[in-house]
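Accompanying notes for the structure given below.
Values below: every heavy atom of this structure, side chains too, minus hydrogens, waters and symmetry copies.
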Amino acid sequence: MNPVDPNLPIRVEGLTVRYGTRLALDDVSFAVAEGAVYALLGRNGAGKSSLVRCLLGEQRPAAGRVSLLGMDVWTRRASILTSVGVVPEDPDMPPAMTSRQIARFCSRLYPSWDAAGVEARLKRFKVPGDIPFGKLSKGQKAQVALALALASAPKLLVLDDPTLGLDAVARKAVFEELIGELADRGTTVFITTHDLAGAERIADRVAVLRQGKLVLDEDMEALKHRFRRLSFSSGEREAQLAVLEPVAVASHGWGIEAVVARYAEGFWDAGGREGTEVSALTLEEIFIALTGEPEAES
């Protein structure tokens, strides 16, 4: 990895995690710039959860290091987490306490706390503040976790698949709250998610883990600019695809459909583009082309 500012919100260097003989993360390195939204994608078992645990100082890697806000997360975890908001995949809070009681308890742990902001978010989310946490729906629990994570005005927000298992309405509410928070404060965000449409709305940069290796780390706009779907009937054009780095090619009765990773405007213009259809791809379509059909959420 190229030299980077040591005070970046997130810096991961050569991260390797093993479980016995299984390699969960293989020499993963990346950095997240201040104010950016960095989305980490990967199929189930790709290594995302292991990476998040290392990122938060919950698991010591076999090799490599992680720094958050310029500090080593393994040795300075307690100091770091006062400036980091965390929304876990499965929020674990005292089931008998209400969201208001949990918020009051958490307020004592942070140097600054926006109690009014927590109440306002719970109201927007329509989460009752006087019902025990254990009796809330999965979506409401995620919304409480997000409200609490944002209450300390964190410099860095880490979201581990915050919308997994939520219905469309709850997912929309979570991402809209994030968009509003980013507009107001420019908080740095690291998010893992299966909701690729949601990630596409907010992410500046995208990374993809595949079998423990980081196979992509790129600005969202650059990524979407270079990937295209080509549909054509001419066999001669299929021979030219190698220059455009095809990642998926399928033959149909009417012709060829290919997803290419290095599309170049005007590549075929000299010979004319009759019979060739070029279309842009969503982040989900790019992800599927790179990793195969995504597994069902679990």
Side-chain angles (χ1 to χ4, degrees), residues 9-10 32 34-39 52 55-58 68-69 73 77-193 195 198-199 201-203:
I10 297 177
V32 179
E34 185 174 359
V37 180
Y38 190 98
V52 171
L55 198 69
L56 297 176
E58 298 172 351
L68 299 185
L69 307 174
V73 74
R77 184 172 187 265
S79 300
I80 292 169
L81 290 186
T82 60
S83 300
V84 178
V86 180
V87 179
E89 178 182 322
D90 188 15
D92 183 17
M93 301 180 194
M97 292 178 68
T98 68
S99 55
R100 286 198 181 98
Q101 290 171 333
I102 295 170
R104 282 197 294 272
F105 175 82
C106 292
S107 69
R108 306 167 194 159
L109 306 177
Y110 294 88
S112 62
W113 187 261
D114 182 10
V118 173
E119 282 291 328
R121 288 188 175 94
L122 294 179
K123 185 175 181 180
R124 282 198 297 276
F125 290 145
K126 297 182 173 57
V127 175
D130 55 354
I131 292 181
F133 185 80
K135 294 185 177 180
L136 297 178
S137 69
K138 185 175 179 62
Q140 289 173 327
K141 289 176 180 178
Q143 290 163 340
V144 170
L146 180 59
L148 297 176
L150 293 173
S152 62
K155 296 177 182 178
L156 171 64
L157 187 61
V158 177
L159 304 136
D160 187 11
D161 227 342
T163 61
L164 183 64
L166 305 191
D167 62 35
V169 174
R171 287 199 303 269
K172 183 173 182 289
V174 168
F175 278 107
E176 285 184 348
E177 192 67 25
L178 284 175
I179 290 169
E181 175 70 13
L182 293 168
D184 290 342
R185 297 181 184 172
T187 306
T188 304
V189 175
F190 177 92
I191 180 171
T192 74
T193 183
D195 187 346
R201 292 174 61 197
I202 67 170

Interatomic spacing from CD1 in Ile202 to CG in Leu159 - rounded to 0.5 Å: 7.5 Å
Lys155, NZ atom: more than 12 neighbouring heavy atoms under 6.0 Å: no
Atom pair CZ (Arg100) and CD1 (Ile131), whose distance is rounded to the nearest 0.5 Å: 10.0 Å
Phe175 and Ile191: CA distance, side-chain angles, deciding distance, side-chain contact (heavy atoms from CB on, under 4.5 Å) verdict: CA-CA 11 Å; Phe175 278 107; Ile191 180 171; 4.1 Å; yes
Qualifying residue for side-chain contact (heavy atoms from CB on, under 4.5 Å) with Glu176, from Arg171, Arg201, Arg124: Arg201
Residues, nucleotides or ligands: over 12 heavy atoms within 6.0 Å of Gln101 CD: yes
Distance in Å, Thr163 OG1 paired with Glu89 CD, rounded so as to fall on 0.5 Å steps: 10.0 Å
Point-to-point distance, once rounded to the nearest 0.5 Å, from CG of Leu166 to CG of Asp195: 9.0 Å
Close side-chain approach of Asp161 and Val52, heavy atoms under 4.5 Å: no
From CG (Leu68) to CG (Leu81), nearest 0.5 Å: 7.5 Å
Atom pair CG (Leu122) and CZ (Phe125), whose distance is rounded to the nearest 0.5 Å: 8.0 Å
Tyr38/Ile10 under side-chain contact (heavy atoms from CB on, under 4.5 Å): CA gap, chis, key distance, verdict: CA-CA 10 Å; Tyr38 190 98; Ile10 297 177; over 6 Å; no
Shortest non-hydrogen contact from Gly35 toward Thr188: N-OG1, 2.7 Å
No-hydrogen, no-angle side-chain donor-acceptor test under 3.5 Å, Thr192 and Asp160: yes
Which atom of Met97 lies closest to which atom of Phe105, heavy atoms considered: CE-CB, 4.3 Å
